[in-house]
Number of protein chains: 2
Amino acid sequence: MHTDCKFETVLEILVGKWKPVIMFQLFTNGTMRFSELQRAIPAITKKMLTQQLRELEYHDIVHRKVYHQIPPKVEYSITEHGRSMGTIMEALNDWGRFHTAHLNQLYGEDEGRQSETFVDAIDNAAE
Amino acid sequence: MHTDCKFETVLEILVGKWKPVIMFQLFTNGTMRFSELQRAIPAITKKMLTQQLRELEYHDIVHRKVYHQIPPKVEYSITEHGRSMGTIMEALNDWGRFHTAHLNQLYGEDEGRQSETFVDAIDNAAE
DNA sequence: CGGGATCCAGGCTGATACTG
DNA sequence: CAGTATCAGCCTGGATCCCG
């Protein structure tokens with residue numbers, strides 16, 4: 001019973017409609033409050049933001065710091081363990097760019113396949 | 001409009017319940033017929049096998065070779081482009097192992113979190 | 001043999017309203 | 001401010017049957 005193929009566990013971490021966006025925000029901006037994340041990703045609902053953050057927290061990718069005060073204040077940040085994903089995320093990103101170019105070459109650069117990346121989503125949010 | 005974060009496209013490729021298993025099979029065994037894949041992954045239905053293979057084919061990860069004869073014969077294999085994913089898949093795998101160990105250390109090695117990897121699935125299939 | 005077509009159940013996600 | 005609770009819609013995946 002060899003169990004040397006664990007890359008599905010990585011998928012578990014990243015799977016979820018908003019997790020890449022959230023991680024990108026936190027990687028980029030460092031510590032962020034709940035409301036800051038909401039503002040940075042306008043399309044997300046509180047429910048989903050909370051849910052995805054909790055899952056990332058369970059995997060020790062994101063740290064949640066609660067200030068017990070009124071009004072409440074909660075800060076999120078990437079854990080040290082989470083930062084160890086940085087290199088593979090870059091690798092994934094690089095290969096993604098390579099792959100996109102490859103597909104364009106195969107099928108042509110027509111519209112229709114321009115899936116919105118989370119960066120686009122952020123750009124849209126910035127308008 | 002910077003579009004330098006394309007790692008979600010990689011996720012698109014890998015997302016799908018059976019894609020990692022299928023890719024692992026083809027990476028390991030080279031060229032395989034449709035029925036061979038079925039036998040290697042008994043739990044999958046024809047519908048899902050076909051569907052996931054078509055998606056991988058669209059992304060030029062898997063090549064589909066049809067022999068026009070009766071009875072039909074179709075062979076699948078990893079494309080050259082697909083092989084270029086090899087290194088990141090290993091990287092993902094390595095980090096996955098590291099992460100699993102990390103979680104066990106955090107939460108204890110109790111049962112309950114032992115998600116079945118596709119390798120386990122293959123092992124089960126071999127019995 | 002290698003599918004395609006159809007129907008269905010469950011889970012994920014979104015919208016909305018409420019709360020300490 | 002930072003959530004929780006509830007309900008509804010959609011999409012993924014599974015089961016079954018049919019076809020060249």
Side-chain angles (χ1 to χ4, degrees), chain A residues 8 11-23 25-26 29 31-59 62-77 115-118 121 124-125, chain B residues 8-9 11-26 29 31-59 62-77 115-118 121 124-125:
Chain A
E8 285 199 326
L11 259 35
E12 278 180 37
I13 297 175
L14 276 336
V15 164
K17 187 169 177 181
W18 302 99
K19 285 185 197 152
V21 207
I22 294 171
M23 291 181 66
Q25 283 294 331
L26 293 177
N29 301 339
T31 301
M32 294 179 78
R33 297 185 58 169
F34 187 85
S35 49
E36 289 182 296
L37 281 167
Q38 270 195 102
R39 250 175 285 117
I41 317 167
I44 199 174
T45 63
K46 294 178 180 182
K47 174 192 165 188
M48 288 313 296
L49 182 53
T50 304
Q51 187 185 106
Q52 309 264 297
L53 281 168
R54 291 295 142 85
E55 292 178 30
L56 289 170
E57 188 189 358
Y58 170 81
H59 286 285
V62 160
H63 176 65
R64 179 167 180 263
K65 182 171 186 182
V66 183
Y67 294 84
H68 292 285
Q69 61 184 45
I70 296 182
K73 175 178 170 184
V74 181
E75 286 179 344
Y76 293 92
S77 56
S115 61
E116 185 181 58
T117 67
F118 63 77
N124 295 340
Chain B
E8 284 198 325
T9 64
L11 259 35
E12 277 180 37
I13 297 175
L14 276 337
V15 164
K17 186 169 178 181
W18 302 99
K19 284 187 197 150
V21 207
I22 293 170
M23 291 181 66
F24 178 76
Q25 283 294 329
L26 292 177
N29 301 340
T31 301
M32 294 179 77
R33 296 186 58 170
F34 187 86
S35 49
E36 287 182 298
L37 281 166
Q38 271 195 100
R39 250 175 285 116
I41 317 167
I44 200 174
T45 62
K46 291 180 180 181
K47 173 193 168 187
M48 289 313 297
L49 183 53
T50 304
Q51 185 184 108
Q52 310 262 299
L53 281 169
R54 291 294 141 86
E55 293 179 29
L56 290 170
E57 188 188 358
Y58 170 81
H59 285 285
V62 160
H63 175 67
R64 180 166 180 263
K65 181 172 185 180
V66 184
Y67 295 83
H68 293 286
Q69 60 184 46
I70 296 182
K73 175 179 171 184
V74 180
E75 286 179 344
Y76 293 92
S77 55
S115 62
E116 183 182 58
T117 67
F118 63 77
N124 294 340

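Hydrogens, waters and symmetry mates are skipped; everything else that's a heavy atom, side chains included, is used. Naming: A, B, ... by sequence-line order, numbering from 1 per chain.
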Rounded interatomic separation in angstrom, taking [atom1] from [X] and [atom2] from [N]:
X: A/Gln51; N: C/dG14; atom1: CD; atom2: C1'; answer: 11 Å
X: B/Lys65; N: C/dC1; atom1: NZ; atom2: C1'; answer: 17 Å
X: A/Gln52; N: D/dA2; atom1: CD; atom2: P; answer: 18 Å
X: A/Tyr76; N: D/dA2; atom1: OH; atom2: C1'; answer: 8 Å
X: B/His68; N: C/dG3; atom1: NE2; atom2: P; answer: 11 Å
X: A/Gln69; N: D/dC1; atom1: CD; atom2: C1'; answer: 10 Å
X: B/Met48; N: C/dG4; atom1: CE; atom2: C1'; answer: 14 Å
X: A/Ile44; N: C/dT13; atom1: CD1; atom2: P; answer: 10 Å

Partner of B/Trp18 under side chain to side chain contact (heavy atoms under 4.5 Å, CB included), chosen from B/Leu53, B/Leu49, B/Ile41, B/Leu56: B/Ile41

The single option from A/Asn29, A/Val21, A/Leu26 passing side chain to side chain contact (heavy atoms under 4.5 Å, CB included) against A/Leu37: A/Leu26

Estimated bend of the helix from C/dC1-D/dG20 to C/dG20-D/dC1 (axis per five terminal pairs, rounded to 10 degrees): 40°

Looking at [options], which one has an atom nearest to any side-chain atom of [X]?
X: A/Val74; options: D/dG3, D/dA15, C/dG14; value: D/dG3
X: B/Arg54; options: C/dG20, C/dG4, C/dG14; value: C/dG4
X: B/Phe34; options: D/dT4, C/dG3, C/dT13; value: C/dG3
X: B/Thr50; options: C/dG4, D/dA2, C/dG14; value: C/dG4
X: A/Lys17; options: C/dG3, D/dA15, C/dG14; value: C/dG14
X: A/Pro71; options: C/dG14, D/dC1, C/dG3; value: D/dC1
X: A/Lys73; options: D/dA2, D/dG13, D/dG3; value: D/dA2
X: B/Arg33; options: D/dA2, C/dC1, C/dT13; value: C/dC1

C/dC12 phosphate, OP1 or OP2, under 4.0 Å from A/Trp18 side-chain N/O: no

Presence of B/Thr45 side-chain N/O under 4.0 Å of D/dG13 phosphate oxygens OP1/OP2: no

Of B/Lys46 and A/Ala43, the one whose closest DNA chain C nucleotide lies more 5': B/Lys46

First encountered from the 5' end of DNA chain C, between A/Pro72 and B/Pro72: B/Pro72

Donor-acceptor pair under 3.5 Å, A/Lys47 side chain vs D/dG3 base: no

Flag, side chain of A/Gln52 to backbone of A/Lys19, donor-acceptor distance under 3.5 Å: yes

